[in-house]
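Structure record follows, encoded as structure tokens.
A note on names: the letters A, B, ... follow the listed sequences, proteins ahead of strands, and every chain is numbered from 1.
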Amino acid sequence: MNLSMKTENTCPSLVAKDYRSDTKPVWCPGCGDFGVLLSLTKSLAELQLNPKNVAVISGIGCSSRIPAYLNTFGFHGVHGRALTIGTGLKVARPDLTVIVAGGDGDGFSIGGNHFLHACRRNVDMTYIVMDNELYGMTKGQASPTSAPDWEYGKLTPGGTHMKPFHPLVVGLASGANFIARVSGTNPNGAVPIISEAIRHPGFSLVHVLSPCITFNREQLEWKKMVRDAVVPTTNDAGKAARYLMSDDGFNLGILFKGDRLPYDLKSEKTVDGPADLEAQFSV
Amino acid sequence: MNLSMKTENTCPSLVAKDYRSDTKPVWCPGCGDFGVLLSLTKSLAELQLNPKNVAVISGIGCSSRIPAYLNTFGFHGVHGRALTIGTGLKVARPDLTVIVAGGDGDGFSIGGNHFLHACRRNVDMTYIVMDNELYGMTKGQASPTSAPDWEYGKLTPGGTHMKPFHPLVVGLASGANFIARVSGTNPNGAVPIISEAIRHPGFSLVHVLSPCITFNREQLEWKKMVRDAVVPTTNDAGKAARYLMSDDGFNLGILFKGDRLPYDLKSEKTVDGPADLEAQFSV
Amino acid sequence: MTEQSISITMTGSGGSGVMTAGNMLLDAAGRSGLFGIMTRSAGPQIRGGEAAAMLRLSNKPILSHKDQFDILLGIDWKNADLFASEIVLDNNSITIGETGIPQAFTESAGRHYELSVAEIAKQIPDGRANMVALGVAAKLISIPLSAIKEVLTKSLLKQKGEGAVRSSLEAVEAGMAAASAIPSIPAPTADPEAAANNWSITGNEACGMGAIRGGIRFVAAYPITPATEVLEWLATNLPKLGGKLVQAEDELASINQAIGASFGGVPSLTATSGPGIALMTESLGLSVASETPIVVIDVMRGGPSTGIPAKSEQSDLNIAVFGLHGDAPHVVTAPLTIADCLMTTQWSVYLAEKLQTPTIVLSDQALGQTRAVIPGVPDAGYEPERAIAVNPDKTYQRYADTENGVSPMSLPGTESGQYTADGLEHTQSGRPSSKAEDHHRQMNKRLRKIKGFDFGDNWAEASGDDDAEIAVLTWGSSFGAISQAVEELRQSGQKLRLIGVRLISPAQPERMKKLLNNVKKVLVIEQNHSGQFYHYLKAYYDLDAEIKSIAIPGPLPILPSQVRQYLRDWSQI
Amino acid sequence: MTEQSISITMTGSGGSGVMTAGNMLLDAAGRSGLFGIMTRSAGPQIRGGEAAAMLRLSNKPILSHKDQFDILLGIDWKNADLFASEIVLDNNSITIGETGIPQAFTESAGRHYELSVAEIAKQIPDGRANMVALGVAAKLISIPLSAIKEVLTKSLLKQKGEGAVRSSLEAVEAGMAAASAIPSIPAPTADPEAAANNWSITGNEACGMGAIRGGIRFVAAYPITPATEVLEWLATNLPKLGGKLVQAEDELASINQAIGASFGGVPSLTATSGPGIALMTESLGLSVASETPIVVIDVMRGGPSTGIPAKSEQSDLNIAVFGLHGDAPHVVTAPLTIADCLMTTQWSVYLAEKLQTPTIVLSDQALGQTRAVIPGVPDAGYEPERAIAVNPDKTYQRYADTENGVSPMSLPGTESGQYTADGLEHTQSGRPSSKAEDHHRQMNKRLRKIKGFDFGDNWAEASGDDDAEIAVLTWGSSFGAISQAVEELRQSGQKLRLIGVRLISPAQPERMKKLLNNVKKVLVIEQNHSGQFYHYLKAYYDLDAEIKSIAIPGPLPILPSQVRQYLRDWSQI
Ligand SMILES: Cc1ncc(C[n+]2csc(CCOP(=O)(O)OP(=O)(O)O)c2C)c(N)n1
Ligand SMILES: Cc1ncc(C[n+]2csc(CCOP(=O)(O)OP(=O)(O)O)c2C)c(N)n1
Ligand code: SF4
Ligand code: SF4
Ligand SMILES: [Mg+2]
Ligand SMILES: [Mg+2]
């Protein structure tokens, strides 16, 4: 847990809606992302974080619009690079609570490389991926998490015929240290998990099932399909792997929680100023 | 197995050195990549492939220089994109044998995203990664596979402090269907495995321990540390995961071999020519 | 036959079906023998927010909207004021709709007719307000019911059944009846014969069709507004010809997949917009250095950065021409009209293949996402003419320093044709080299093949008066509004020359000189902020004339009236 | 004090230690009070191939090599002919080495002295040939043994022990003894006093030091030749000041990490070369649109594509200025000399911070990887002056349309300062907007802050004759050889003006006009193929003079003699 969450910076008096900005979301009525927005504000309130010490970073997509709807600092960057902005920010400003948020396309298609390396690097930030198994913003193409036989992807008529990307398995394989799944349609279940993810030191991955009611109405069924995972949270990567590899994608909960130390670039000032570096150039 | 390996295209009379071009490698004397070059030519000879039907694609790095040293078609592209050139080529020209080759930096750092998606997409090609746990070409920086405490990376003095990237585990997690490890310093052991990888339909990953004697002389020890894996090849991803996650990086062999069908974009010509598409525009 | 045209905008809030009504109106107009265009505008909501369908219909093919709309028809007025800057009305315009018309429109329009399509719809079982609006519009523009019926049947029968057709038709008829209370408006006379040969097509579809005609058989795709429809159209149509489209993980992958396929001998393409082209420039350089032909369509949108994704701007000229590191000669083209998206894309495939170089096609949102009814566009006949190595032997050199700079390429599978393509500087045989002589030889060769090529007459479209002293120079979609303005001024007696440049790079200074023979003043008009084309002209052309730059960034299209105003101001100086 | 200088090249094959000898010679010369430069050239082998260490030593600070080398000293001659085009000799030059000197050199050099450093080394226990060569060179150039001794002790004692120092010294002495047989060569007179204040530094180190002086405290790194040493130097030195350097997974990550850190208020930088800058242009646009300052150093190498990684070229001007999609005003600078890498980088940090925009610094391999002994460079005093929002309240607008276009930035942690930075076009408060008025306002503001800024005298270095009718205009590392040539011609009586432009973009046409007051002819010299700077001048400056472009691509540096020749040809026209 980082500095900003300590003593003087907490804000016990704020409630969830104090974390909302007055900007109206562009989302379609019924979009799962509304639930994520609600859950996140509730978590921030629960953690009593001061909005001025929180930065929410995103890429591009429907889901990536979320920073503007929050009363925290925000950065709506370019497609696929949210984690890298978050990394730079957190390394430079360890006192802040950094949350990175976005979609499955942003995070696992164009942003896949940064996802891998964020898991390895273990910088203390929380990554909330709103997965709707498609590209919403560009009006309905397949994403890495789309089912191989999803016929309606507009660039993959007849199906993608590719193995879907399993974010939790790949996350674990790449070294993610905190892995959870929540449902965007069930804020009450999601809040404690998101809070725990934010609290957890190092990189925390929160996979959110967040239905797109416009381009895949079948996702409305997700609400009924999700369930709490039957296994308790493990810190054994092997166990977690076994569980996740046979997971059908609807088990909710904190599915892995390791104890790897967060990325820490030790840099202690050893000289007074730039002038002290000049000696090395003397002939 | 693809077309080019059938009947009329085979070349029974060629030996390994017929697959070498007359270009002298730029590699340092003693570099592990020499062994990889030798192994690959031996495999090509063993498979009796006609050099004209083989294309070897690479990115940038010491290891990525390999196409020019072969008497096949080759493409020395830009840093990190070898798999994507291979993908385009194989999809457009399914009759060719496509081999993608390069280094750990090229493949897992800048090229990490394409690695993920090549594993998922399962295009019929073979990916040979010459891993020396560093960037050789740029003179000795850490790569994703560097040990966290490797002190000599010139951009990470004191160590990377990051969890090393485990290519086989991430490959498996992303859906790779054929996963093997060989040693660049033991061509005899490597040849049958590389041959099998080329023969295997779909995406085959061959991880090669290929020491860099210039920037990490300790890798000369690898020769002594490698051993044949004690487990037989499995087609059970769960089993493979368990084995690989506890793997110390020195087990050689074909460690996973699944039976997922290769990527196949069915496209059957249903019209005679472009003119037949015009009707859809009629008012 | 003089041009007669009428412009109508329909607006409606989320779920009102205004786009459906607009599309049907355009289709029905097309079937009745009219030409036309329809552009769309929408609020910030991802889907189902307020929207406007803006149509202009005419008895002749048209390239742009007029300055004002004749009719504004509101399905409802909720948030319609959002479109105030786009829907320009004057006192000849009429508005039609329920009470509560936004002030912006009451102030500008001449007359207002109160008529609630929603109320009328309520009278009809399953009646929908947008269908009533369609009827109102059809009546005002004199589109025959039969044409509407055809369109309704075509689009609804299969998917929604006979009942839907019936109730829609009833709503249309009710709308028509209601509209008879409104004084009739002079509408263009349709020529029903014309319809047989006409196409309804967007610029994005036209790019796709042009690509296929040009011989593209491999496409790598990563979606991005407003280029996605080029790719989506190809995703369904390319396989019919045995071609393949792969959805890539990102733009770095898509362009390199295209390079890989082209290395294999298959003409290849990808399409994107600003942010995507930015990610592609490294590999565009690879295409240049390895001499592997590819075509990249950039359907431009508002920049910089994510900018304004759904609106048009001509601000990627700089990156298209200069965005590659090192000296990397290549080809950049830009279609001038929706119809021209076909020819220009087809020609661009030809150029890429012929010159073994990347060709960037600069389309834009205004061309790409506008639907037009135009005369069917015949195949321009360009086919891939890549120089292929025939029976190569041991002396074969992939990068041979030939006279015209184009070196025959050996395709994988060719006996004795093996070579390694390389983005490192190389000898003629392709071996990496850092020698000055090799570098200079390859640089000269790569430049020569492009600079020395005879691009012929396609490079620009010139029209107007041969003896004019004033010329307007432009490129891309602005050509439409400018043509309209120039024609109007010429009809009122002013002598003008109009040049729309289709070949952006390499520059053609000699050809331009000829075209500008008598010209003393040149007005350069384009839709961006910094005058990218203007500065490019200064840098690469030696124009004797006095030049003035008019650069107006998006998101609003340049209007004919603005052009006329600039031309009036300019000719008085 | 007139300039006296001497040039020497040492060559040797794999493992011969020629670079070590070269570095020691330069260091010893520095200690003895000389100035100098050393460049390196190597064959294609990754490591341990043939190499050449090329030095020029002088009694005054120098900016480039001379046309010819006075001395070519071969440790051996294996593959030395590979360097024939780089090591120009004439009949005043001497060569020294074992038998078998390559024909290229026998033909051009005046005299040859046979002397096998390898044979001499064999006589000494643990004697190494390169140390013998060092002795030979030192003797010829009159570097005192004491200086060599100091250098040997400094570099060997700790790592290799006293024995190594002793045997090396013995070898050096043997070399000196052997060289006494060679007629002595007029060498520059050293001023031992000068040494105290002198620095031995490469351009890449100078960029690093300039960055730190400028206030950079976060660096994101992805290695690439020839920029890596900027990053490597920072990796060791930045932490000493509490700064942080993160090795990123690729250039997309590195530039965005820098953006993230800068959003947090920490001045941030990354360094790369052509292929990397190409990957960064999308996010450079994000830096422009979100107004987040960053500095990107592009140490240029031969292009296009992977090109010639280890050789210099000035061919990334186009991509640096025009490589962003949309209209994206930003700043581009270019140091003129190795010493100037310090000031220019420091100033660039200042500009980025002051203008809340990306600043691209165009260094190149010739500056970056050349080591020079120069007078120590004082701190230029520029510190970050980012406009920070003080006590923001509810009315705070991140992108307020201020008079000078710079809007105070609220840093995370600031009470009531919350806002969302955005690459989408936005209102003054940062809310996404596709309205024309917002777009135009923000475009104007972003342009105004840069165009309206007073860049002061740093924008260029002008020297030479005020009343000259001929001016030479250049940028980047070519400035060195050109200065030398211009000085020579002026000393022989020709009137010339020399302008080295440090601020590439935005253009400063007014300032240039003043500088070119009496000038009738301008020669624009640069190291690329297409005359990028020349065309840029045509596009963005209105020069009254006649302009001629001399554009010579790499990999060989432009030589003073070439410049003199061009100037002679030109002044005769
Ligand atoms: C470089 C780049 N390529 C493509 C796009 C177009 N684009 C915008 S959002 C998006 C996909 C978003 O998908 P996802 O992250 O799943 O978000 P969702 O809309 O589904 O919430 C794409 C491809 C872009 N903005 N930038
Ligand atoms: C876009 C880009 N970034 C950086 C580089 C510089 N570069 C060349 S090779 C290389 C790393 C190579 O490492 P690896 O793939 O492991 O190959 P090795 O040399 O170790 O065999 C880098 C960073 C480049 N050529 N292009
Ligand atoms: S398109 Fe889908 S993901 Fe996007 S806002 Fe609408 S429902 Fe949500
Ligand atoms: S630097 Fe290392 S990887 Fe590169 S050629 Fe030399 S030994 Fe091989
Ligand atoms: Mg999504
Ligand atoms: Mg490596």
Side-chain angles (χ1 to χ4, degrees), chain B residues 4 21 23 26 50-57 60 65 67-93 95-96 98 113-114 116-117 120-121 123 263 265-278 280-283, chain C residues 27 30-31 195-196 198-201 205 209 212-213 217-218 220 237-246 248-250 252-266 268 282-283 285-286 290 373 376 379 410 412-424 430-432:
Chain B
S4 63
S21 74
T23 301
V26 297
N50 189 328
K52 79 177 168 76
N53 295 323
V54 179
V56 181
I57 316 294
I60 300 290
R65 290 293 192 113
Y69 310 144
L70 292 161
N71 182 30
T72 62
F73 279 86
F75 203 127
H76 185 216
V78 295
H79 191 36
R81 316 296 164 208
L83 283 169
T84 62
I85 293 187
T87 299
L89 177 60
K90 181 69 188 183
V91 170
R93 289 288 308 273
D95 57 310
L96 301 173
V98 175
N113 200 31
H114 312 306
L116 283 183
H117 293 281
R120 294 180 54 220
R121 197 177 277 117
V123 169
Y263 187 66
L265 267 186
K266 283 155 202 83
S267 86
E268 272 149 47
K269 213 163 175 252
T270 54
V271 304
D272 280 342
D276 295 323
L277 301 177
E278 290 170 13
Q280 64 188 294
F281 300 126
S282 295
V283 293
Chain C
D27 279 2
R31 282 182 179 242
N198 282 358
W199 285 4
S200 165
I201 193 168
E205 291 168 352
M209 185 67 188
I212 286 189
R213 281 180 172 177
R217 292 297 179 270
F218 178 88
N237 287 282
L238 193 57
K240 298 179 190 162
L241 282 148
K244 285 169 180 171
L245 180 141
V246 178
E249 54 272 28
D250 59 20
L252 304 161
S254 57
I255 187 167
N256 279 288
Q257 285 182 5
I259 290 173
S262 175
F263 170 71
V266 178
S268 301
E282 189 202 9
S283 297
L286 177 62
S290 69
V373 175
D379 192 318
S410 161
T414 306
E415 191 72 50
S416 303
Q418 295 98 304
Y419 75 99
T420 294
D422 210 321
L424 276 171
R431 194 179 295 209

*chain B heavy atoms under 4.5 Å from C:S254: which part of the residue, side chain, backbone, both or neither?*
neither
*Determine the option with the most heavy-atom pairs under 4.5 angstrom with chain B, choosing from C:I259, C:L241, C:I255.*
C:L241
*Supply the atom-to-atom distance B:R81 CZ to C:E282 CD, rounded to the nearest 0.5 angstrom.*
6.5 Å
*chain B interface, residue from C:D27, C:L252, C:D250, C:L424 that has the most non-hydrogen pairs under 4.5 Å*: C:L252
_Geometric class of the C:F263/B:F75 ring pair [parallel <30°, tilted 30-60°, perpendicular >60°]_ = perpendicular
*Sort B:T72 into side chain, backbone, both or neither according to what part of it lies under 4.5 angstrom from a heavy atom of chain C.*
backbone
*asked:* Taking side chain as everything from C-beta outward and backbone as N, CA, C, O, which of these in C:A195 sits under 4.5 Å from a heavy atom of chain B? Side chain, backbone, both or neither.
replied: both
*Indicate yes or no: at least one non-hydrogen side-chain atom of B:Y263 is less than 4.5 angstrom from one of B:V91.*
yes
*May I ask you to name which of C:S416, C:G265, C:S410 has the most heavy-atom pairs under 4.5 Å with chain B?*
C:S410
*asked:* Given heavy-atom pairs under 4.5 angstrom as the criterion, report whether the side chain, backbone, both or neither of C:L245 touches chain B.
replied: backbone
*Is it the side chain or the backbone of C:Y419 that comes within 4.5 Å of chain B heavy atoms, both, or neither?*
both
*Spatial distance of atom OG (C:S268) from atom CD (C:Q257) [nearest 0.5 Å]*: 10.0 Å
*Between CZ of C:R431 and CG of C:D422, what distance do you get to the nearest 0.5 Å?*
12.0 Å
*asked:* Donor-acceptor check, side chain of B:K90 to backbone of B:R93, threshold 3.5 angstrom: yes or no?
replied: no
_Please classify the contact between B:D276 and chain C as side chain, backbone, both or neither, with a heavy-atom cut-off of under 4.5 Å._
neither
*For B:R120, is it the side chain, the backbone, both or neither that has a heavy atom under 4.5 Å from a heavy atom of chain C?*
neither
*Does the side chain of C:S283 come under 3.5 Å of the side chain of C:N256 through a donor N or O and an acceptor N or O?*
yes
*Using a cut-off of under 4.5 Å for heavy-atom pairs, which of C:A220, C:S290, C:S262, C:G242 has the most such pairs with chain B?*
C:G242
*Is the shortest distance from a Lys or Arg side-chain nitrogen in B:R121 or C:E249 to a carboxylate oxygen in the other one below 4.0 Å?*
yes
*Run the numbers on B:S21 and B:L70 for side chain to side chain contact (heavy atoms under 4.5 Å, CB included), then give the verdict.*
CA-CA 5 Å; B:S21 74; B:L70 292 161; 5.9 Å; no
*Below 4.5 Å from any heavy atom of chain B, which atoms of C:A253 appear? Answer side chain, backbone, both or neither.*
both
*What's the spacing between C:T420 OG1 and B:H76 NE2 if we round to 0.5 Å?*
9.5 Å
*Give the member of C:G430, C:P412, C:P432 that has the highest number of heavy-atom pairs under 4.5 Å with chain B.*
C:P412
*For C:V246, is it the side chain, the backbone, both or neither that has a heavy atom under 4.5 Å from a heavy atom of chain B?*
both
*Which of C:V266, C:I212, C:N237 touches chain B most, by non-hydrogen pairs under 4.5 Å*: C:N237
